[in-house]
Amino acid sequence: MTGTTARRTVVSIAVSAALACFTACTGPGGSDDSGGTTGPTGSTAPSASAAPSSRPPAITGASADALRAVERATGRAGSARVESTTVMGRELSLEAAGALGWVDGLTGTLTITYTGGTTAETMRRLGTTAMEARYLPDAYYARMGDEFAERVGGWHWIKYVYEDLEDLGGGAGAGFADQMRNTTPNQAVKLLLSAGDVRRVGAETTRGRRTTHWSGTVGGATEQTVDIWVDDRNLLVKKVERGRTKTGELTQTAYYSDYGVPVSAARPPAADTADFKELLASQGG
């Protein structure tokens, strides 16, 4: 392998890991300058933090009251176990499982497994089929494995400081830091509160629990549908978000359980950690 090829390989692995860790915990995309959400492949839909002028009129009445109760209860719970599957067209599909907390910034640990797509194929060829992601309020860390460590001087972990990712992909990371810090299950509820067609679908059983199903569509450059299932404590049990990217349909399904579970995420040893920004600079990325 030539030096140029080796450098490109390291950069490819690092960027792919950034995409996977971000997508696994946030859903279909981060915020853009127009108040929408921009996925790594360019899909857009209104953000929960969009300016009032860029969003549909807020819903009112009993539906709004019910959804705001869900937003408050889920936000107050502070943490939960999470299982999710994400498909980003032809580019990437993955599964994630672990526990996340959101009382004082995003914290927690997920195990992320690549299950398909061109990114997964690339990672498999490079010896990585799964990784551990640790989320802290200022950064997240991805454990890449032994083969990656051999390529970069022995480091097994990559550190991604949120602010450093703002400029990733020529501006595709704009709003990244705020998106990561504000990631909680109730973000899907906030999206629904901005939907002009939000509706109560009805009572359903979800993983053995009696739930109420809500659905709505949020518009933008492309439409995104949001569905949530809520239990009798006003806590999210399931969330499904669907949209489109340049490489095809984007779908994320997430299940939440054990609200209030203790969550911890330790920083990996500094001597075994490469900083993403410094790594790209050293590789000419």
Side-chain angles (χ1 to χ4, degrees), residues 21-31 35-37 45-52 55-56 58-84 96-110 133-138 140 162 175-195 198 200 206-207 209-216 218 224-241 252-265:
C21 292
F22 174 62
T23 304
C25 75
T26 64
S31 61
T37 59
S47 164
S49 59
R55 295 169 56 182
I59 63 171
T60 59
S63 292
D65 292 342
L67 289 174
R68 290 193 181 98
V70 174
E71 180 186 358
R72 290 192 297 270
T74 301
R76 286 195 302 264
S79 66
R81 297 194 188 279
V82 183
E83 300 173 50
S84 68
L100 294 175
W102 50 88
V103 172
D104 187 20
L106 182 68
T107 58
T109 302
L110 294 177
R134 297 182 185 177
Y135 300 90
L136 289 97
D138 63 329
Y140 65 80
Y162 299 145
F176 188 98
D178 286 342
Q179 180 80 357
M180 293 297 289
R181 291 194 188 99
N182 295 327
T183 292
T184 66
N186 65 2
Q187 293 304 306
V189 186
K190 292 182 179 181
L191 279 175
L192 271 184
L193 283 166
S194 73
V198 65
R200 182 184 184 277
T206 306
R207 290 198 164 183
R209 298 162 68 182
R210 183 172 177 80
T211 60
T212 300
H213 179 185
W214 294 86
S215 183
V218 289
Q224 177 181 342
T225 61
V226 180
D227 289 79
I228 63 171
W229 288 257
V230 181
D231 67 12
D232 58 6
R233 297 182 297 162
N234 286 326
L235 296 174
L236 256 66
V237 176
K238 179 182 177 181
K239 175 203 74 172
V240 177
E241 295 183 49
Q252 184 182 72
T253 301
Y255 292 92
Y256 304 96
S257 62
D258 294 338
Y259 279 93
V261 64
V263 172
S264 63

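Note that this is a predicted model, so its numbers are computed, not measured.
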Can you name the nearest heavy-atom pair linking [X] to [Y], along with the distance?
X	Y	value
Leu235	Ala77	CD2-CB, 4.2 Å
Thr74	Asn186	CG2-N, 3.9 Å
Val261	Ala99	CG1-CB, 4.3 Å
Gly108	Ala265	O-CB, 3.4 Å
Ile228	Ala188	CG2-CB, 4.0 Å
Val263	Ser79	CG2-CB, 3.7 Å

>> When you compare the side chains of Thr211 and Asp231, does any donor N or O come within less than 3.5 Å of an acceptor on the partner?
In response: no
> In Å and rounded to the nearest 0.5 Å, what is the CD to CG distance from Glu71 to Asn234?
Replying inline: 11.5 Å
> Roughly how far, to the nearest 0.5 Å, is the OG1 atom of Thr206 from the NE2 atom of His213?
Replying inline: 8.5 Å
>> Evaluate Val70 against Leu236 for side chain to side chain contact (heavy atoms under 4.5 Å, CB included), listing each step before the verdict.
In response: CA-CA 7 Å; Val70 174; Leu236 256 66; 3.4 Å; yes
>> Please evaluate residues Leu191 and Gln224 with respect to the criterion side chain to side chain contact (heavy atoms under 4.5 Å, CB included), reporting the C-alpha separation (whole Å), side-chain torsions for both, the decisive distance (0.1 Å), and the verdict.
In response: CA-CA 10 Å; Leu191 279 175; Gln224 177 181 342; 4.0 Å; yes
> Between Glu83 and Arg207, is the closest basic N to carboxylate O distance under 4.0 Å?
Replying inline: yes
> Under a 4.0 Å N-O cut-off, is there an ion pair linking Glu241 with Lys239?
Replying inline: yes
>> Keeping Tyr259 on the side-chain end and Arg76 on the backbone end, is there a donor-acceptor pair under 3.5 Å?
In response: no
> Are Leu67 and Val198 close enough, and set up right, to give a side chain to side chain contact (heavy atoms under 4.5 Å, CB included), and what steps lead you there?
Replying inline: CA-CA 10 Å; Leu67 289 174; Val198 65; 3.7 Å; yes
>> Determine whether Thr212 and Trp229 satisfy the following criterion, side chain to side chain contact (heavy atoms under 4.5 Å, CB included), listing intermediate values before the conclusion.
In response: CA-CA 5 Å; Thr212 300; Trp229 288 257; over 6 Å; no
